[in-house]
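Report on the following structure.
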Amino acid sequence: MKDAYGRQIDYLRLSVTDLCNYRCQYCMPAGGIAKRPHGDILSVEECVEIAQAAVRCGVKKIRLTGGEPLVRRGILDICRGLRAIAGLEKLCLTTNGSLLPRLAKPLREAGVDRLNISLDTLRPERFAAMTRMGRLEDVLSGIRVAEEAGFSPLKLDTVLIGGFNGDEIGDFIHLTLDHPWEIRFIELMPMGPCAAWDKACFLPGETVPARYPDLEPTAAQGVARRFRLPGAKGTVGLISPLSHDFCGVCRRIRVTADGHLKGCLHSREEIPLRGLHGADLEEAIRQCAAHKPERHHLSDRPSDTPRNMNQIGG
Ligand code: SAM
Ligand code: SF4
């Protein structure tokens, strides 16, 4: 599928739940969100049917996300269903890592190719404060078990937050000396709970190479600029949706956990997919790709979407 600006659209992010076992301050309200009736969220069968239609339309890579995808009942059935789709080249999943000690091996066996694990701090007290209910040690064990299960190279996603983890950039970068990981620093996007945060919280990605001039540029991958410390086993990635608008190379469409298709994370426009099947479902997906907005407007104003990140899937 090509959109109106000539971009190839071949990457679907599929949110399988809006629930989460953490309450990261920038993502979720402190009290969490009201649990919706079961039927409001896409069923396992609907997730697989949408993915099949997307692959028929030209999608080659799917990332499962949420909320926290690993709290979703039936997550392994969803993975197995997606893995069985002929033509799907890559099945990836983004997780906060806390449930990987139990689920990394089953996820690998269910056919997941790649894992991204979110980790914003290496300090236990900060981790507990930011997630409001998480324990750093769970995520660190999750990383270990994921590697043992064969997920390598791992990507660790770190949202840069001024006044919170700006002083840990060096600690994260130094992890790449001994581990074949990609540590990816992501600019905080003004949406949901953090839309009104102080400007100082929104650290530009450029802070990373500016503070660590030893980082040598290496080949970019998708929307990530990449660097490596001399002799390091791993790499450092920079994802800068605000300061280095990467909309021009965006290949993504998204499906929310309640079955709405979005051409852009930050747009208000959505196409309801529930109840559509076969050719109608494919047509909706093609229409969404064709009308994908040219760019977001985060440099001028907060995100246009009224949804929080946990409802769309980061
Ligand atoms: N629960 C899983 C996790 O945390 O990896 C998957 C869903 S979470 C919404 C996906 C990613 O979005 C996480 O890496 C999270 O840190 C990131 N995220 C959430 N809100 C964000 C924001 N306002 N700006 C940038 N990244 C954000
Ligand atoms: Fe949950 Fe991920 Fe949002 Fe944190 S960022 S509250 S782990 S969905």
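- A donor-acceptor pair under 3.5 Å is absent between the side-chain atoms of Ser267 and the main chain of Cys264, judged by distance alone.
- Under the 3.5 Å distance criterion, the side-chain polar atoms of Glu282 are left unmatched by any main-chain donor or acceptor of Ala279.
- Rounding to the nearest 0.5 Å places CZ of Arg83 at 5.5 Å from CG of Leu91.
- In this structure, the ring of Tyr22 has its center less than 6.0 angstrom from the ring center of Phe127.
- Scored by the side-chain hydrogen bond (donor to acceptor under 3.5 Å, both in side chains) test, Arg7 finds Asp3 as partners (sequence neighbours excluded).
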Exercise. Give the intermediate values and the outcome of side-chain hydrogen bond (donor to acceptor under 3.5 Å, both in side chains) for residues Glu269 and His291.
Key: CA-CA 10 Å; Glu269 282 151 45; His291 296 105; over 6 Å; no
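- At distances below 3.5 Å, not a single donor-acceptor pair connects side-chain atoms of Glu182 with backbone N or O atoms of Val236.
- Judged by distance alone, the side chain of His296 and the main-chain N or O of Leu242 form no donor-acceptor pair under 3.5 Å.
- Two residues are said to be in side-chain contact when any heavy atoms from C-beta on lie closer than 4.5 Å; Glu49 and His277 meet this criterion.
- Side-chain contact between Cys20 and Asn96 is present, with at least one heavy-atom pair separated by less than 4.5 Å.
- In this structure the side chain of Asp258 never reaches within 4.5 angstrom of the side chain of Asp18, judged on heavy atoms.
- Taking both residues in full, the closest heavy atoms of Gly97 and Ile117 are given as CA-CG2, 3.9 Å, listed atom of the first, atom of the second, then distance.
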Practice problem: Step by step, work out the side-chain contact (heavy atoms from CB on, under 4.5 Å) result for Leu14 and Cys47. | Solution: CA-CA 8 Å; Leu14 178 58; Cys47 289; 4.2 Å; yes
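- No side-chain heavy atom of Val208 sits less than 4.5 Å from a side-chain heavy atom of Phe227.
- Arg135 and Glu137 are joined by a salt bridge, as a carboxylate oxygen and a charged side-chain nitrogen come within less than 4.0 angstrom of each other.
- Across all their heavy atoms, Lys292 and Gly263 have their closest contact at NZ-O, 2.9 Å.
- Residue Glu148 holds its CD atom at 10.0 Å from OG of Ser141, rounded to the nearest 0.5 Å.
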Self-check item: Pair Leu215-Leu229, side-chain contact (heavy atoms from CB on, under 4.5 Å): steps then yes or no
Solution: CA-CA 5 Å; Leu215 285 171; Leu229 279 178; 3.8 Å; yes
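- Using a 4.5 Å cut-off between side-chain heavy atoms of Ile, Leu, Val, Met, Phe, Trp and Tyr, with links allowed through other members, Leu238 and Val249 fall into different hydrophobic clusters.
- The two residues Gly39 and Arg274 make their nearest non-hydrogen contact at O-NH1, 2.7 Å.
- Side-chain contact check for Thr65 versus Leu93: every heavy-atom pair is 4.5 Å or farther apart.
- For the atom pair CZ (Phe151) and CG (Leu115), the distance works out to 4.0 Å, reported to the nearest 0.5 Å.
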Practice problem: Please step through side-chain contact (heavy atoms from CB on, under 4.5 Å) for the pair Leu100 and Leu107, ending with a clear verdict. | Solution: CA-CA 9 Å; Leu100 285 175; Leu107 285 169; 3.9 Å; yes
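- No continuous path of hydrophobic side-chain contacts links Ile41 to Leu64 [ILVMFWY only; heavy atoms under 4.5 Å].
- Here the closest non-hydrogen pair linking Cys288 and Ile253 is SG-CG2, 4.1 Å.
- Using a distance-only test at 3.5 Å, with no hydrogens or angles considered, a donor-acceptor pair links the side chain of Arg228 to the main chain of Ala232.
- Taking the side chain as every heavy atom from C-beta outward, Cys194 and Leu188 approach each other to under 4.5 Å.
- For the pair Arg226 (side chain) and Ala219 (backbone), a donor-acceptor distance under 3.5 Å is present.
- His38 and Asp40 share no side-chain donor-acceptor pair at under 3.5 Å.
- We find the SG-CG distance between Cys57 and Leu281 to be 7.5 Å, quoted to the nearest 0.5 Å.
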Practice problem: Evaluate side-chain contact (heavy atoms from CB on, under 4.5 Å) for Asp113 paired with Glu89, printing each intermediate quantity in order. | Solution: CA-CA 9 Å; Asp113 299 307; Glu89 291 175 8; over 6 Å; no
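- Tracing side-chain contacts under 4.5 Å through hydrophobic residues (I, L, V, M, F, W, Y), one reaches Ile78 starting from Leu88; they form part of the same cluster.
- Annotation for Arg23 and Pro29: closest pair CD-O, 3.6 Å, computed over non-hydrogen atoms.
- Look at Asp10 and Arg251 and you find a salt bridge, because one of the NZ, NE, NH1 or NH2 atoms lies within 4.0 Å of a carboxylate O, short of that distance.
- Hydrophobic clustering (side-chain heavy atoms under 4.5 Å, transitive across Ile, Leu, Val, Met, Phe, Trp, Tyr) groups Leu276 together with Leu261.
- The number of heavy atoms from other shown groups lying within 6.0 Å of CZ (Arg36) is above 12.
- Distance check, rounded to the nearest 0.5 Å: CE of Met191 to OH of Tyr26 gives 12.0 Å.
- Ile9 and Cys250 make their closest contact through CD1-O, 4.2 Å (heavy atoms, listed as atom of the first residue, atom of the second, distance).
- Under the 4.5 Å side-chain heavy-atom criterion for ILVMFWY residues, no single connected hydrophobic cluster contains both Ile271 and Leu265.
- With a 4.5 Å cut-off on side-chain heavy atoms, Asn21 and Leu70 do not count as touching.
- Side-chain contact check for Pro193 versus Gln25: every heavy-atom pair is 4.5 Å or farther apart.
- Considering OG1 of Thr256 and CG of Leu273, their distance stands at 8.0 Å, rounded to 0.5 Å.
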Exercise. Check step by step if salt bridge (Lys or Arg N to Asp or Glu O under 4.0 Å) holds for Arg225 and Glu206.
Key: CA-CA 11 Å; Arg225 288 181 292 151; Glu206 214 46 55; 3.3 Å; yes
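- Side chains of Thr95 and Glu68: a donor-acceptor N/O pair is present below 3.5 angstrom, by distance only.
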Throw together a table of side-chain donor-acceptor distances under 3.5 angstrom for residues 152-172, partners on residues two or more places apart or in other chains.
residue: Lys155; atom: NZ; partner: Gln221; partner atom: OE1; Å: 3.0
residue: Asp157; atom: OD1; partner: Arg184; partner atom: NE; Å: 3.1
residue: Asp157; atom: OD2; partner: Asn116; partner atom: ND2; Å: 3.1
residue: Thr158; atom: OG1; partner: Leu119; partner atom: O; Å: 2.8
residue: Asn165; atom: OD1; partner: Ile161; partner atom: N; Å: 2.8
residue: Asn165; atom: ND2; partner: Asp120; partner atom: O; Å: 2.9
residue: Asn165; atom: ND2; partner: Val159; partner atom: O; Å: 2.7
residue: Asp167; atom: OD1; partner: Arg126; partner atom: NH1; Å: 2.8
residue: Asp167; atom: OD2; partner: Arg126; partner atom: NH2; Å: 2.8
residue: Glu168; atom: OE1; partner: Thr121; partner atom: OG1; Å: 3.2
residue: Glu168; atom: OE1; partner: Leu122; partner atom: N; Å: 2.7
residue: Glu168; atom: OE2; partner: Thr121; partner atom: OG1; Å: 2.6
residue: Glu168; atom: OE2; partner: Arg126; partner atom: NH1; Å: 2.8

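- Cation-pi geometry between Arg63 and Tyr11 is not met: the NZ or CZ atom fails to fall both under 6.0 Å from the ring centre and inside 45° of the normal.
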Quiz item: Can you check side-chain hydrogen bond (donor to acceptor under 3.5 Å, both in side chains) on Trp181 and Glu147, steps first, answer last?
Solution: CA-CA 10 Å; Trp181 302 336; Glu147 283 198 308; 2.8 Å; yes
